[in-house]
> 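Shown below is the structure under consideration.
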Amino acid sequence: MGGSSSRPRPLPLLVEEPWLQMNWEDRESDLQFINNYKPKGEGQEKFRILLHGPVGAGKSSFINSVISILESRICRRATACNTGQGSFTREYQSYRIKKGNQDNEYPFVLNDMMGLSNVSRRHRRVHVKDMKKVMKGHIKDGYKFNPESTLSNTDPFYKQKPTINDKVNILVSVFDANTANLLGNSVVETIQDIRDDATELGIPHVVVFTKIDEVCPETKKDVKNACKSKLLQEKVKDFSKLIGIPENCIFPVKNYHCEKKLNHDIDALILNTLRHIIEIGDEYHSS
């Protein structure tokens with residue numbers, strides 16, 4: 001009576017060996033690197049990081065997370081939109097971060113801009129043109145993006161002669177890890193066009209994957225499981241093929257969203273990602 005159950009065993013969610021190399025105890029080393037960092041370019045005082053990506057991907061939340069860690073308190077300076085809303089960010093905005101209790105600031109700037117959505121070919125062309133102007137340092141803070149027309153060189157928000165500190169040092173595309181592989185063709189083409197423009201301008205490009213705790217239940221339990229998450233690894237591999245970006249240029253993070261206090265492991269992942277962003281930008285410009 002009664003035989004063995006034919007119900008298949010669930011596939012393991014974690015791989016045996018970490019696919020993502022991460023020293024969780026190295027948080028202080030990464031923080032020290034960031035605290036001691038100085039731009040290497042001649043006459044350069046600011047290292048400019050441009051965040052770009054689809055609506056709701058988590059660009060503003062990533063900015064808030066970086067500010068929270070470096071200012072040692074949960075911050076909400078960049079207004080993040082709730083899921084299902086349109087892009088909350090309408091203006092080109094620079095975020096500078098205070099360093100300790102001094103009047104000093106960190107020598108890097110995080111720039112947020114309007115999110116990319118599935119739009120008409122005309123709107124995409126306008127978006128790509130504005131992106132190129134942003135990367136070259138021609139757009140001033142406060143410019144409200146217009147999907148119908150690109151910024152004119154006679155506009156008050158157009159900077160005629162950008163300095164080395166106005167130009168973007170690295171392009172960071174931010175994507176929701178859950179939906180990154182479901183992007184429409186128009187968005188993929190736009191991202192590739194922008195990436196081509198960045199390469200032409202000598203600007204490196206990396207990707208930040210957000211909301212990794214929603215990809216895998218094991219990562220939701222413990223963010224350190226991201227290093228062994230088979231589901232997250234597959235997302236990274238698939239996205240690398242979709243966009244044509246190397247896997248080692250895709251950095252998974254968990255942003256601060258509903259937390260009331262800072263968390264060591266969330267900090268460690270974001271600080272490590274920020275360090276890589278700075279190092280890649282510096283390496284590219286000094287080579």
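Here the structure is a predicted model, which is why all the values come from computation and not from measurement.
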> Measure the acute angle between the ring planes of Phe108 and Tyr106, then classify it against the limits of 30° and 60° as parallel, tilted or perpendicular.
tilted
> When rounded to the nearest 0.5 angstrom, what distance separates NZ in Lys159 from NZ in Lys133?
15.5 Å
> Got Phe62 and Val66 here, is their nearest side-chain heavy-atom distance under 4.5 Å?
yes
> So do Glu148 and Val126 actually touch side chain to side chain, heavy atoms under 4.5 Å?
no
> Is Asp30 close to Arg275 at the side-chain level, that is, under 4.5 Å between some pair of heavy atoms?
yes
> Checking Leu116 against Ile191 for the side-chain contact (heavy atoms from CB on, under 4.5 Å) test, could you report, in this order, the C-alpha distance in whole Å, the side-chain angles of both residues, the deciding distance, and whether it holds?
CA-CA 9 Å; Leu116 177 63; Ile191 292 164; 4.0 Å; yes
> Which heavy-atom pair separates Gln192 from Leu242 by the least distance, and what is that distance?
NE2-O, 3.5 Å
> Indicate whether the side chain of Thr199 and that of Asp196 have a donor and an acceptor atom separated by less than 3.5 Å.
no
> Inspect the contact between Glu105 and Lys98 and indicate whether a charged nitrogen and a carboxylate oxygen are less than 4.0 angstrom apart.
no
> With a 4.0 Å cut-off, would you call Lys228 and Glu16 a salt bridge?
no
> Kindly indicate, with the supporting measurements, whether the criterion side chain to side chain donor-acceptor pair (under 3.5 Å) is fulfilled by Thr219 and Asn225.
CA-CA 5 Å; Thr219 304; Asn225 284 332; over 6 Å; no
> Closer than 3.5 angstrom, by distance alone: can the side chain of Thr210 be matched with the main-chain N or O of Phe175 as a donor-acceptor pair?
yes
> Does the Glu283 side chain pair with the main chain of Ile280, one donor and one acceptor, at a distance under 3.5 Å?
no
> What is the distance from atom SG of Cys227 to atom CG of Leu232, rounded to the nearest 0.5 Å?
9.0 Å
> Looking only at non-hydrogen atoms, find the nearest pair between Leu274 and Ile34 and report the distance.
CD2-CD1, 3.7 Å
> Compare all side-chain heavy atoms of Met131 with those of Met113 and state whether any distance is below 4.5 angstrom.
yes
> Quick one: NE2 on His264 to CG on Leu271, what's the gap to the nearest 0.5 Å?
9.0 Å
> For the residue pair Val253 and Ser65, establish whether any side-chain heavy-atom pair is separated by less than 4.5 Å.
no
> Looking only at non-hydrogen atoms, find the nearest pair between Met135 and Leu50 and report the distance.
CG-CD2, 3.9 Å
> Is the shortest heavy-atom distance from the side chain of Val208 to the side chain of Ile250 under 4.5 Å?
no
> For Pro217 and Leu13, work out which heavy atoms get closest and say how close.
CG-CD1, 3.8 Å
> Can you tell me how far the CD1 atom of Ile270 sits from the CG atom of Asp265, to the nearest 0.5 Å?
11.5 Å
> Where the side chain of Asn64 meets the backbone of Arg77, is there a donor-acceptor pair that is under 3.5 Å apart?
yes
> For Asn178 and Leu182, work out which heavy atoms get closest and say how close.
O-CD1, 4.5 Å
> State plainly whether one hydrophobic cluster holds both Val134 and Val109, where clusters connect Ile, Leu, Val, Met, Phe, Trp and Tyr through side-chain heavy atoms under 4.5 angstrom apart.
no
> Sub-3.5 Å donor-acceptor pair from the side chain of Asn272 to the main-chain atoms of Ala268, do we have one?
no
> Just so I know, are the side chains of Ile74 and Arg76 near enough to count as touching, which here means a heavy-atom distance under 4.5 Å?
yes
> Identify whether Ile67 and Val174 are in the same connected component of the hydrophobic contact network (ILVMFWY, side-chain heavy atoms under 4.5 Å).
yes
> Ignoring hydrogens and angles, tell me if any N or O in the side chain of Thr190 forms a donor-acceptor pair with the backbone of Ser186 under 3.5 Å.
yes
> Check each of Leu201, Asp197, Ile203 against Lys136 using the side chain to side chain contact (heavy atoms under 4.5 Å, CB included) test, and report the only one that passes.
Leu201
> Short question: side chain of Trp19, backbone of Ser229 - any donor-acceptor pair under 3.5 Å?
yes
> Compute the centroid of each ring, for Phe209 and then for Phe251, and state whether the two points are separated by less than 6.0 Å.
no
> Start with the C-alpha gap between Asn146 and Ser149, add the side-chain angles, then the distance that decides, and say whether side chain to side chain donor-acceptor pair (under 3.5 Å) holds.
CA-CA 6 Å; Asn146 180 356; Ser149 61; 3.2 Å; yes
> Can you tell me how far apart CD1 (Ile63) and CG (Asn111) are? Round to the nearest 0.5 Å.
8.0 Å
> Has Asp222 got a side-chain atom pairing as donor or acceptor with Lys224's backbone, closer than 3.5 angstrom?
yes
> Between Phe47 and Leu51, is there shared hydrophobic-cluster membership here, with clusters defined by ILVMFWY side-chain heavy atoms closer than 4.5 Å?
yes
> Is any side-chain heavy atom of Tyr37 less than 4.5 Å from a side-chain heavy atom of Pro107?
yes
> Assess whether salt bridge (charged side-chain N to carboxylate O under 4.0 Å, His left out) is satisfied between Lys254 and Glu214, documenting all intermediate values.
CA-CA 9 Å; Lys254 156 122 177 55; Glu214 297 175 15; over 6 Å; no
> Parallel, tilted or perpendicular: which fits the ring planes of Tyr143 and Phe157, with parallel below 30° and perpendicular above 60°?
tilted
> Using the side-chain contact (heavy atoms from CB on, under 4.5 Å) rule, take Tyr92 and Asp112 through it: C-alpha gap first, then chi angles, then the decisive distance, then the call.
CA-CA 6 Å; Tyr92 183 60; Asp112 195 9; over 6 Å; no
> Between Asn165 (side chain) and Glu45 (backbone), is there a donor-acceptor pair under 3.5 Å?
yes
> Are Val168 and Ile139 joined in one hydrophobic group, where the rule is that I, L, V, M, F, W and Y side chains link up if heavy atoms are under 4.5 Å apart?
yes
> Determine the interplanar angle of the His52 and His127 rings, folded into 0 to 90°, and report it as parallel if under 30°, tilted if 30 to 60°, perpendicular if over 60°.
tilted
> Check whether Val55 and Val172 end up in the same hydrophobic cluster, where Ile, Leu, Val, Met, Phe, Trp and Tyr are linked by side-chain heavy atoms less than 4.5 Å apart.
no
> Ignoring hydrogens and geometry, is there a side-chain-to-backbone donor-acceptor pair from Asp238 to Lys235 under 3.5 Å?
no
> Could you go through the side chain to side chain donor-acceptor pair (under 3.5 Å) check for Tyr256 and Asp267 one step at a time?
CA-CA 9 Å; Tyr256 282 105; Asp267 287 3; 2.5 Å; yes
> Can you list the steps and then say if Leu269 with Ile212 is a side-chain contact (heavy atoms from CB on, under 4.5 Å)?
CA-CA 11 Å; Leu269 206 50; Ile212 59 172; 3.7 Å; yes
> Using atom types as modelled and distance alone, determine if a side-chain donor or acceptor of Arg195 lies under 3.5 Å from a backbone N or O of Gly244.
yes
> Any idea which heavy atoms bring Asp282 and Lys40 closest together, and the distance?
OD2-CE, 3.7 Å
> Between Lys221 and Glu218, is the closest basic N to carboxylate O distance under 4.0 Å?
yes
> Show your reasoning for whether side-chain contact (heavy atoms from CB on, under 4.5 Å) applies to Lys230 and Leu14.
CA-CA 5 Å; Lys230 191 173 183 179; Leu14 301 178; over 6 Å; no
> Below 4.0 angstrom, N of the basic side chain to O of the carboxylate: do Lys241 and Glu247 qualify?
no
> Measuring from Thr150:OG1 to Asp130:CG, what's the distance to the nearest 0.5 Å?
3.5 Å
